[in-house]
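Some notes on the structure that comes next.
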Amino acid sequence: MKTWRKPLKLGLVGATGVVGETFINLLEEYAYPVEEFRPFASQNSEGSKLFLAGQNWAVQTLKPGCFNGLDMVFFSSGDDLSKEWAPQAVKAGAFAIDNSNAFRMNNNILLVVPEVNGHLIDKNSKPQIISNPNCSTIQLVMALKPLQLHYGIEEVVVSTYQAVSGAGLAGYEELLEQTKNFQVPNHEGKAFPKQILFNCIPQIGSFDENGFCSEEIKIMNETPKILGQADLKVSAFTVRIPALNSHSEAVWVTLKKDVDRLDLLKTMDDFPGLAMMDTDYPTPLEVSGEEPVFVGRVHQDLHNPKKWLMWVVSDNLKKGAALNGLQIADLIFS
Ligand SMILES: NC(=O)c1ccc[n+]([C@@H]2O[C@H](COP(=O)([O-])OP(=O)(O)OC[C@H]3O[C@@H](n4cnc5c(N)ncnc54)[C@H](OP(=O)(O)O)[C@@H]3O)[C@@H](O)[C@H]2O)c1
């Protein structure tokens, strides 16, 4: 991590959520210079205190003028709130780094994973909204970028195995609650459409008329935008599993060139933010709390030598959300 050239005045919308908490922990862990901190959440959390940079800061609700004087606001409280409030942060003179889906596919808004397309950010630009991609997309493009750079990519197929923390605090608590009461059948929950304990659910978000759910559409749309390859064919199938944290992906990538396996491993290993595992493989439990995107089980398809299979695992709250947002802030302020 870098540090900022001057102490910043920061806002954090969704400060009491799982991503918000991770964002604060990262600021603390790396001792970022914070001059002022304004945490925002719903009325339920108003007045509660959050500790950062040696002080307790009272949680506020969003009100007109609440961003005045801030340098940057990180938004992590859902699409509707971002749509309404991120433009107001920019009007107030702050950069808005948005962790929601609200602006990601807007042609005028940057969608950034710093290691992949961070060059798009001009630190001399005026305050604007910058989108943080979907968590599953971030770890996917991290694994794909070195392959695209060196060999070209024809097609990507991905099947995800996503942890409950991806559905926020409510998802996390629902799995813990069902685990405590595991002998009670027919768990009813709110975060997931079916019982998540002892189960896997092939639905993340709502379905469209073609049978895709919204998480799949995000991955399929965001990946070509971030990789700057509009013609890239991406097909995604997303599944929620009863892991507490960190998303896993089985990825099939068809390259444009033939490549030797060891060359391919070296190419990926040299890419910043990727941790390659050759003799072992990563699991969500082991990877939780870690910053890199882990890749294991890289092997060649038996029918098509240009097609490679791999297993990609990353902490969705860190690189998939808060850490990526903080790295975007670094590109602007360091
Ligand atoms: N979880 C992930 O892995 C992940 C990854 C990438 C992107 N995201 C995106 O990040 C966002 C937040 O996710 P999360 O997982 O942190 O959710 P979460 O744990 O459910 O937290 C939601 C946050 O939003 C706040 N909030 C709710 N209503 C509000 C209001 N009216 N005004 C201000 N704040 C309000 C909540 O405050 P209270 O505590 O007061 O209710 C809480 O701080 C979502 O857009 C999600 O899609 C999440």
Side-chain angles (χ1 to χ4, degrees), residues 11-26 38-50 57-64 66-67 73-86 88-89 96-104 111-113 129 131-141 160-176 190-192 204-206 213-215 217-219 222 238 240-241 243-249 284 287-289 293 313-328:
L12 175 57
V13 181
T16 51
V18 287
V19 173
E21 184 188 9
T22 308
F23 196 80
I24 295 171
N25 289 343
L26 282 167
R38 269 179 236 166
F40 299 96
S42 78
Q43 276 182 344
N44 300 336
S45 309
E46 193 172 15
S48 59
K49 300 275 169 51
L50 295 175
W57 308 86
V59 174
Q60 312 177 21
T61 55
L62 294 162
K63 294 179 199 76
C66 65
F67 303 126
V73 185
F74 185 71
F75 284 84
S76 193
S77 58
D79 300 355
D80 293 345
L81 288 167
S82 287
K83 263 182 213 152
E84 183 180 351
W85 292 94
Q88 300 203 32
I97 300 175
D98 183 31
N99 199 35
S100 83
N101 188 42
F103 305 100
R104 287 178 187 151
L111 180 64
V112 175
V113 177
I129 298 169
S131 282
N132 216 28
N134 170 266
C135 41
S136 306
T137 310
I138 292 178
Q139 65 189 72
L140 179 64
V141 295
T160 72
Y161 307 78
Q162 299 187 213
V164 293
S165 66
L169 191 58
Y172 197 87
E173 288 178 343
E174 195 160 303
L175 176 57
L176 289 180
K190 292 192 186 121
F192 306 111
I204 302 182
S206 51
C213 56
S214 41
E215 184 81 353
I217 298 293
K218 289 176 196 173
I219 298 171
E222 292 173 24
T238 58
R240 185 77 68 192
I241 62 160
L244 276 174
N245 191 42
S246 294
H247 294 342
S248 308
E249 298 179 344
V287 156
S288 275
V293 172
V313 188
S314 180
D315 187 325
N316 49 294
L317 300 178
K318 281 199 158 175
K319 185 56 186 164
L323 173 65
N324 197 75
L326 207 45
Q327 289 174 309
I328 292 174

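Atoms within each ligand, like the ligands themselves, are counted from 1 in listed order.
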Exercise. Does Asn44 reach the side chain of Thr16, with side-chain heavy atoms less than 4.5 Å apart?
Worked result: no

Exercise. So do the side chains of Phe74 and Asn132 get within less than 4.5 Å of each other, counting heavy atoms only?
Worked result: yes

Exercise. For Glu222, what residues pass the salt bridge (charged side-chain N to carboxylate O under 4.0 Å, His left out) criterion, not counting sequence neighbours?
Worked result: Arg104

Problem set entry | ligand 1: protein residues within heavy-atom distance under 4.0 Å | Gly14, Ala15, Thr16, Gly17, Val18, Val19, Ala41, Ser42, Ser45, Leu62, Ser76, Ser77, Gly78, Leu81, Asn99, Ser100, Cys135, Ser165, Gly166, Gly168, Leu169, Asn316, Leu317, Gly320, Ala321

Exercise. Taking everything shown except Lys63 itself, do over 12 heavy atoms lie less than 6.0 Å from its NZ?
Worked result: yes

Exercise. Any side-chain heavy-atom pair from Val164 and Phe192 closer than 4.5 angstrom?
Worked result: yes

Exercise. How about Thr238 and Thr160: does a side-chain donor come under 3.5 Å of a side-chain acceptor?
Worked result: no

